[in-house]
Amino acid sequence: MRIGFGYDVHRLTSGRKLILGGVQIPHDTGLLGHSDADVLIHSVCDALLGALAMGDIGQHFADSDPAFKDIDSRILLKRCYDMVLARQYRIANMDATICAAAPKLAPYIAQMRLNIAQDLDCDPEQISIKATTEEGLGISGCGDGMSATVVVLIQPA
């Protein structure tokens with residue numbers, strides 16, 4: 001078994017869609033980034049790559065590459081999972097926390113879990129996603145951005 005840890009943070013800005021876990025969430029701001037800036041999925045990608053000791057998302061999908069401009073992060077997640085499969089591993093479980101002052105994410109977490117489980121070819125029961133407001137502290141807590149942390153366990157297929 002191998003364990004990977006992922007972390008990502010993006011600023012909030014007007015004129016962008018807010019996408020988390022592949023779910024478009026109604027909000028007056030969205031996350032700023034080269035891709036769709038899905039901070040949760042970027043953290044999952046980093047956790048998977050970390051479990052494989054293969055670096056991070058930026059090494060594989062550079063933000064200077066026009067091919068990844070505004071790309072759906074679920075495509076990147078599937079590519080990362082292909083790397084997991086190529087090394088003959090599969091998902092045992094994943095645990096994630098999203099830090100965001102607003103909006104309330106509880107109504108969207110079930111769909112996020114389904115999306116990620118689908119992309120990682122596992123049961124949604126293997127995917128845990130939580131959210132916290134950070135009580136007004138830090139970039140996420142004060143509403144300037146959002147962050148996500150992820151731990152993933154992979155096991156031989």
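Sorted by first and then second residue, the ring-ring contact (aromatic ring centres under 6.0 Å, His included) pairs involving residues 13-48 (not counting sequence neighbours) are His10-His42. Evaluation of the salt bridge (Lys or Arg N to Asp or Glu O under 4.0 Å) test over residues 15-38, restricted to residues two or more places apart or in two chains, returns Arg16-Asp70. Residue pairs satisfying the ring-ring contact (aromatic ring centres under 6.0 Å, His included) criterion with at least one member in residues 65-115, sequence neighbours excluded, are listed as follows: Phe61-Phe68. Residue pairs meeting the side-chain hydrogen bond (donor to acceptor under 3.5 Å, both in side chains) criterion with at least one partner in residues 90-103, sequence neighbours excluded, are Asp95-Ser128, Asp95-Lys130, Thr97-Lys130. Within the structure, every pair that satisfies the side-chain hydrogen bond (donor to acceptor under 3.5 Å, both in side chains) test and touches residues 142-154, not counting sequence neighbours, is listed here: Ser140-Ser147. Sorted by first and then second residue, the side-chain hydrogen bond (donor to acceptor under 3.5 Å, both in side chains) pairs with a member in residues 46-67 form an empty list; sequence neighbours excluded.
The main-chain N or O of Ile91 is found under 3.5 Å from a side-chain atom of Gln126 such that the two form a donor-acceptor pair. A donor-acceptor pair under 3.5 Å links the side-chain atoms of Arg113 to the main chain of Pro124, judged by distance alone. Looking only at distances, a side-chain donor or acceptor of Ser43 sits under 3.5 Å from a matching main-chain atom of Asp8.
The other members of the hydrophobic cluster of Ile3, by chain and number, are Met1, Phe5, Tyr7, Val9, Ile139, Val151, Leu153 (side-chain heavy atoms under 4.5 Å, ILVMFWY only). Through side-chain heavy atoms spaced under 4.5 Å, either directly or across other Ile, Leu, Val, Met, Phe, Trp or Tyr residues, Leu137 is tied to no other residue.
Taking the side-chain contact (heavy atoms from CB on, under 4.5 Å) definition, one finds that Ile75 meets it with Ile71, Asp72, Arg79, sequence neighbours left out. Shown here are the side-chain contact (heavy atoms from CB on, under 4.5 Å) partners of Ala101, two or more places apart in sequence or in another chain: there are none. Residues meeting the side chain to side chain donor-acceptor pair (under 3.5 Å) test with Arg74, sequence neighbours left out: Gln118, Asp119. Among residues two or more places apart in sequence or in another chain, the side chain to side chain donor-acceptor pair (under 3.5 Å) test is passed with Gln111 by Asn115.
Under the 4.5 Å side-chain contact rule for hydrophobic residues, Val23 and Ile127 share a cluster. Ile129 and Leu114 fall into different hydrophobic clusters, where Ile, Leu, Val, Met, Phe, Trp and Tyr are joined by side-chain heavy atoms under 4.5 Å apart, directly or via other members. Connection of Leu48 to Met54 is established within a shared hydrophobic cluster, with ILVMFWY side chains joined at heavy-atom distances below 4.5 Å, either directly or through further cluster members.
The local environment of NZ in Lys69 is crowded, with over 12 non-hydrogen atoms from other residues, nucleotides or ligands closer than 6.0 Å.
Two residues are said to be in side-chain contact when any heavy atoms from C-beta on lie closer than 4.5 Å; Arg11 and Leu31 fail this criterion. Side-chain contact between Leu18 and Gln24 is absent, with no heavy atoms from C-beta onward closer than 4.5 Å. In this structure, the side chains of Ile154 and Leu52 come closer than 4.5 Å at one or more pairs of heavy atoms. Side-chain contact between Met112 and Ile25 is present, with heavy atoms from C-beta onward closer than 4.5 Å.
To the nearest 0.5 Å, atoms NZ (Lys78) and CD1 (Ile41) are separated by 9.0 Å. Atom OG1 of Thr29 is separated from atom CG of Leu12 by 4.0 Å, given to the nearest 0.5 angstrom. From Leu40, atom CG reaches atom CD1 of Ile98 across 4.5 Å, with rounding to the nearest 0.5 Å. Taking CG from Leu85 and SG from Cys80, the interatomic distance works out to 11.5 Å, rounded to the nearest 0.5 Å. Summarising the geometry, atom CG belonging to Leu76 is positioned 10.0 Å from atom CG belonging to Leu49; distances are rounded to the nearest 0.5 Å.
Across every non-hydrogen atom of Pro103 and Met146, the tightest pair is CD-CE, 4.0 Å. What you find for Arg2 and Ala53 is that their closest heavy atoms are NH2-CB, 3.8 Å. Considering every non-hydrogen atom in both Ala96 and Val150, the closest pair reads CB-CG2, 3.7 Å.
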